[in-house]
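Notes to accompany the following structure.
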Number of protein chains: 2
Amino acid sequence: MSLSGIFPIDRWNFTTQSILNVLSEQDYSDLVANQSDLKYLKGDVVFREGSVPAGIFLIRSGKVKKYKVDSLAKEQIIYVANHEELIGYHAVLSGERYPDSAAAIEDSLISFIPKEDFISILHRSPAFTQRLLKALSHEFTVLTNSISVIAQRTATERLAIALIVLREKYKDEDSDVQDIILNISRMDLANMVGIAQENVIRLLKEFKEEGIVETDGRKIWIKDIKRLIKKSNYK
Amino acid sequence: MSLSGIFPIDRWNFTTQSILNVLSEQDYSDLVANQSDLKYLKGDVVFREGSVPAGIFLIRSGKVKKYKVDSLAKEQIIYVANHEELIGYHAVLSGERYPDSAAAIEDSLISFIPKEDFISILHRSPAFTQRLLKALSHEFTVLTNSISVIAQRTATERLAIALIVLREKYKDEDSDVQDIILNISRMDLANMVGIAQENVIRLLKEFKEEGIVETDGRKIWIKDIKRLIKKSNYK
DNA sequence: TTTAAAAACTGATAAATATCAGCTTCTGCG
DNA sequence: CGCAGAAGCTGATATTTATCAGTTTTTAAA
């Protein structure tokens with residue numbers, strides 16, 4: 001799962017994608033018995049920091065950003081969740097309010113599962129519980145990684161890392177196209193990397209001049225992943 | 001548990017301190033049956049990033065920093081664990097190598113519990129598993145918080161927050177002294193806050209001139225927690 | 001108690017990043 | 001299609017933070 005044999009991409013992704021695989025057919029159908037499917041348009045909020053969780057969300061298709069909003073209205077994106085990922089379950093498990101918010105960054109189809117059903121399956125299936133423990137522990141690795149990078153790396157390195165991670169998320173499984181197109185705003189990029197939006201633009205320009213990326217309007221093509229990894233200065 | 005009714009201190013602390021309370025007497029004694037107590041001197045490494053976990057650690061007394069070392073040998077402190085806290089269990093649960101390192105920041109007494117015993121109790125006690133799920137979910141809140149603050153706040157605000165959080169950890173439960181003394185090096189502070197050590201010193205000087213802290217050699221007294229919270233600009 | 005190493009501290013300067021104001025280009029909607 | 005609002009872009013400047021090259025103080029070991 002290592003990208004180009006150098007960049008440890010698995011340290012940047014949660015593994016919630018396969019969580020539900022450990023459920024028996026019966027357990028799975030019980031879990032989703034009362035689910036409701038909802039369409040979210042780009043920008044729509046799924047849940048908001050500080051509110052009380054009523055259940056968990058399973059992303060059927062699309063992409064969702066998890067973020068915190070600072071007192072000064074500055075947004076920090078913590079993670080971008082992909083299709084098949086589970087979100088919003090931490091707060092249910094810890095019995096707290098949501099510590100972050102979630103919003104669709106592209107049109108998404110998301111199933112809502114009431115927390116009672118989630119908890120009931122959790123009590124019934126030790127395998128599911130074990131799988132969740134494993135997933136949460138892996139998340140710890142991912143967040144730990146993020147803290148260290150945000151605190152210690154330069155803006156250029158951080159942007160490079162963000163692009164590498166996003167490339168993986170935007171890679172369509174069944175196509176072998178080399179140039180992956182990222183469909184993400186400069187603003188969202190800035191909020192992932194923790195720098196000003198203007199600086200994202202300037203750094204992208206730099207990458208463009210070096211042939212690492214190409215842009216057309218708001219689209220971003222990754223042209224040279226090898227040099228992007230070099231830019232990221234990873235390990 | 002809210003500090004001065006303003007600063008949400010619980011968002012900065014893991015809740016592993018009470019994890020073992022849910023165990024029955026039998027389970028607890030089985031868990032610690034093969035434990036070995038070890039003394040760690042200030043600076044001693046407990047485990048190192050990248051190594052394979054053989055068990056978990058229970059801090060009996062003292063304080064331990066969890067940190068990542070960057071490629072350029074820069075250290076980022078992720079968390080400071082206090083007595084009664086459990087560390088090193090994520091890697092056991094996720095089946096990965098340690099994603100971070102741990103080292104004593106003061107002389108500590110730490111019990112090592114073999115991973116087989118930990119996992120066996122985990123399988124035996126659903127209450128323990130639930131408690132761990134809860135703890136891990138809460139950790140998610142704490143790390144999320146850290147990411148947002150490190151990425152978005154100024155050095156002054158971050159240092160203020162670090163001091164508030166440390167004050168809580170250095171507060172002796174059975175004394176009602178107002179001035180809490182922090183026993184932490186400027187370097188460790190710098191590595192928590194993600195700024196240069198020289199700037200920690202300059203900011204501390206500023207705080208000193210404003211009567212918020214006092215220092216004597218490497219000791220730091222928190223004199224005015226209210227103004228420190230104001231400095232942190234929290235919420 | 002002396003002393004060498006480590007940690008704390010200082011001022012000057014360099015580098016990185018943010019902010020601001022304005023301009024241009026996209027994009028979706030009537 | 002045309003148009004308004006949003007997003008992208010640019011250059012100048014301000015601000016923040018890091019780096020460097022020391023000096024002083026503290027600590028712990030001989």
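Convention: sequence-line order gives letters A, B, ...; per-chain numbering from 1.
For the pair A/Arg186 CZ and C/dT25 P, the interatomic distance rounds to 15 Å; values are reported in whole Å. What separates CG of A/Leu159 from P of C/dT17 is a distance of 11 Å, to the nearest Å. A straight line from CD1 of A/Ile201 to C1' of C/dC23 spans 13 Å, rounded to a whole angstrom. One atom, CG of A/Leu204, and another, P of D/dG8, lie 10 Å apart when rounded to the nearest Å. As a whole-Å value, the separation of A/Glu206 CD from D/dG11 C1' is 16 Å. One can place CZ of B/Arg218 at 12 Å from C1' of C/dC9, the figure rounded to the nearest angstrom. The interatomic distance linking B/Met187 (CE) with D/dT25 (P) rounds to 21 Å, in whole Å. Residue B/Gln152 contributes atom CD, which lies 9 Å from atom P of C/dA18 at whole-angstrom precision.
When distances run from any side-chain atom of B/Lys205 to the nucleotides C/dT10, D/dT10, C/dT27, the shortest one goes to C/dT10.
In the helix from C/dT1-D/dA30 to C/dG30-D/dC1, the terminal helix axes, each the rotation mapping four pairs' C1' atoms onto the next four within five end pairs, subtend 50°, rounded to 10°.
Classification of the B/Phe7-B/Trp12 ring pair by plane angle, with boundaries at 30° and 60°, yields parallel.
The nearest heavy atom of DNA chain D to A/Lys208 and to B/Lys219 marks one nucleotide each, and the one closer to the 5' end goes with A/Lys208.
Applying the side chain to side chain donor-acceptor pair (under 3.5 Å) rule to pairs touching residues 40-57 of chain A yields A/Glu49-A/Lys68, sequence neighbours excluded.
Between the CD atom in A/Glu96 and the OG atom in B/Ser137 there is a gap of 8.0 Å [rounded to 0.5 Å]. Note: A/Ile78 CD1 to A/Lys65 NZ = 12.0 Å, rounded to the nearest 0.5 Å. The structure places CD1 of A/Ile59 at 4.5 Å from CD1 of A/Ile87, a figure rounded to the nearest 0.5 Å. In this structure, the separation between CG on B/Leu189 and CD1 on B/Ile201 is 10.0 Å, given to the nearest 0.5 Å.
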| Quick one: what's the B/S/- string for nucleotides 15-20 of chain D, heavy-atom cutoff under 4.0 Å, read 5' to 3'? | --SBBB
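One side chain, A/Asn13 or A/Lys169, offers a donor N or O that lies under 3.5 Å from an acceptor on the other. Judged by distance alone, the side chains of B/Gln197 and B/Arg202 never bring a donor and an acceptor atom under 3.5 Å apart.
Ion pair A/Arg186/A/Glu198 not flagged as a salt bridge, since none of the NZ, NE, NH1 or NH2 atoms sits closer than 4.0 Å to an Asp/Glu carboxylate oxygen.
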